[in-house]
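Please read all numbers here as calculations on a predicted model, not as lab measurements. Index from 1, following the sequence.
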Amino acid sequence: MIKRSEGNKKMPTLIKNDLNKRIFKNTAQYNESIRRVRSNIRSKNLNRGRMRPRDPDEAEVLSRFERKSNYEY
């Protein structure tokens, strides 16, 4: 982490390398919990998506966005 000053305050600034280290550390630390949650999702067949119907206004707003998620469960 790099300390940068802004005005009279020292502000910690994260760099990409710091974020990557935290991600790998947290993934390793919580790997068992992640595995249990994924297993629970699969067992309940929750991968099928949205459960409640969209109201017309929400559908209009959401139709403007592209779906870019490639999550693996």
Side-chain angles (χ1 to χ4, degrees):
M1 190 172 348
I2 301 170
K3 297 262 184 185
R4 296 195 178 153
S5 63
E6 183 166 317
N8 293 333
K9 301 178 184 176
K10 294 275 185 182
M11 298 179 59
T13 304
L14 293 174
I15 57 176
K16 188 176 178 183
N17 197 24
D18 291 333
L19 290 174
N20 285 336
K21 285 178 186 177
R22 286 184 183 190
I23 290 168
F24 287 125
K25 183 183 119 194
N26 289 337
T27 301
Q29 181 179 356
Y30 297 109
N31 198 23
E32 183 59 28
S33 298
I34 293 169
R35 189 194 59 74
R36 272 189 277 122
V37 169
R38 284 183 176 171
S39 174
N40 194 12
I41 289 171
R42 282 191 205 111
S43 70
K44 292 182 179 180
N45 198 19
L46 297 177
N47 282 343
R48 60 183 175 224
R50 186 176 191 87
M51 299 310 253
R52 75 175 168 83
R54 292 183 178 139
D55 67 280
D57 296 331
E58 183 184 14
E60 181 182 337
V61 170
L62 293 176
S63 69
R64 296 178 188 162
F65 296 96
E66 286 184 27
R67 182 170 211 153
K68 294 185 178 179
S69 63
N70 292 328
Y71 296 112
E72 180 183 322
Y73 289 105

To the nearest 0.5 angstrom, please state how far the CD atom of E58 sits from the OG atom of S63.
11.0 Å
Side-chain contact test, heavy atoms from C-beta onward, threshold under 4.5 Å: evaluate it for D57 versus V61 and give yes or no.
no
How far does NZ of K25 sit from NZ of K21, to the nearest 0.5 angstrom?
11.5 Å
Testing the basics here: between I34 and T27, what is the closest heavy-atom pair and its distance to 0.1 Å?
CD1-O, 4.4 Å
Atom pair CZ/CG of R22 and D18 - distance to nearest 0.5 Å:
7.0 Å
Separation between NZ (K44) and OG (S39), nearest 0.5 Å, reads 10.5 Å
